[in-house]
Number of protein chains: 2
Amino acid sequence: MTQPNICPKFEKAISILSQRWTGLVIYQLLNGTQRFNEIQSAIGISGKVLSDRLKDLEQKGLVKRDVIPDTPVVIEYSLTDKGRSMEPILKTIEQWALDWMQVDETQQ
Amino acid sequence: MTQPNICPKFEKAISILSQRWTGLVIYQLLNGTQRFNEIQSAIGISGKVLSDRLKDLEQKGLVKRDVIPDTPVVIEYSLTDKGRSMEPILKTIEQWALDWMQVDETQQ
DNA sequence: ATAGTAAGTTACATAAAGTAAGTTAAATAC
DNA sequence: GTATTTAACTTACTTTATGTAACTTACTAT
């Protein structure tokens, strides 16, 4: 047996979540529509990687990018239905974190 | 605002899950105790990275490594209680995958 | 003796992420 | 009206993570 035997849908889902920052970006957008710099300062991601992630998430249909023709132009990011459907996943992780994670310096 | 304002426990939890392969390794071990090569061939991970991940998960208290003094020696990996406590997370992801993921070549 | 298996490790190559400076366009600030 | 600031990125470069393939060690089977 050299071929993986994992459900391809599950594999795809977990490959999304296991990309660094993706979970945090979606978690952050669960709070509602936000602008680039808001997301960036909220989660402490670099502009370059946030830009990558947002493009990727948009392309995957999880995030919507809206250009508001204000002056100057404003760009708003929000979750699509598909994006919002990940809420139970993030909430389950949140609960697990509260139950099992301890924050101290001596343990990584 | 330049500092992140995310709950540190949540951040820690999601940093575990957003490390490539970690979710799949735990998911795989939900099926019960397994040996190195079993995990490797089941999920299609390289020996090097699996070795890294198992050490890491052991150090985080999620995975237990048992040396069975058979001849030749057998090494078994299994989840600790803490590791098994991630089951709801993985199951939620699994359900989401069934509901929302489509597997085809035209979409990434 | 020779080959095979389990559980890794090592050396090297490629890809992803981080850092910091630069870009564009419009909006104040002086 | 020139100079600075802000938003939303992009570019160039460095560091870290991951992948690939060959090697190791200890035992077993042929």
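Each chain gets a letter, A, B and so on, in the order its sequence line appears, and its residues count up from 1.
The side chain of Ile75(B) sits closest to dA7(C) out of dA8(D), dA17(C), dA7(C). Ranking dT19(C), dA17(C), dG8(C) by closeness to the Ser46(A) side chain, first place goes to dT19(C). Closest contact between the side chain of Lys48(A) and the listed nucleotides dT11(D), dT20(D), dA7(C) involves dT11(D). The Val49(A) side chain lies nearest to dA17(C) when the options are dG8(C), dA17(C), dT10(D). Each of dA8(D), dA7(C), dT11(D) was ranked by its minimum atom distance to the side chain of Arg65(A); first place goes to dA8(D).
As rounded to whole Å, 12 Å separates atom P of dA6(C) from atom CZ of Phe36(B). In this entry the distance linking NZ of Lys55(B) with C1' of dT10(C) reads 12 Å, nearest Å. Going from atom CD of Gln40(A) over to atom C1' of dA7(D) covers 10 Å, rounded to whole Å. Residue Leu50(B) contributes atom CG, which lies 14 Å from atom P of dA6(C) at whole-angstrom precision. Rounded to an integer number of Å, the gap from Trp21(B) CH2 to dA17(D) C1' is 13 Å. Separating the CG atom of Leu54(A) from the P atom of dA7(D) is a distance of 16 Å, rounded to the nearest angstrom. Look at CG on Asp52(B): it is 14 Å from C1' on dT20(D), rounded to the nearest Å. Straight-line distance from the CD atom of Gln34(B) to the P atom of dA7(C): 12 Å, rounded to whole Å.
Note: Phe36(A) and Tyr77(A) have tilted aromatic rings, judged against thresholds of 30 and 60 degrees for the angle between ring planes.
A 6.0 Å sphere centred on NZ of Lys9(A) holds more than 12 heavy atoms belonging to other residues, nucleotides or ligands.
The phosphate of dT6(D) (OP1 or OP2) has no side-chain N or O of Arg35(A) nearer than 4.0 angstrom.
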Between Trp21(A) and Ser18(B), is a side-chain hydrogen bond (donor to acceptor under 3.5 Å, both in side chains) present by the stated rule, with each step listed? CA-CA 7 Å; Trp21(A) 298 109; Ser18(B) 66; over 6 Å; no
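Note on Lys60(A) versus Asp56(A): salt bridge recorded, some NZ/NE/NH1/NH2 to OD/OE distance being below 4.0 Å. A salt bridge does not link Glu87(A) with Arg84(A): none of the charged nitrogens is closer than 4.0 Å to a carboxylate oxygen.
Taking the nucleotide of DNA chain D with the nearest heavy atom to each of Tyr77(A) and Arg20(B), the more 5' of the two is matched to Tyr77(A). When each of Gln19(A) and Val73(A) is assigned the nucleotide of DNA chain C bearing its nearest heavy atom, the one mapping closer to the 5' terminus is Gln19(A).
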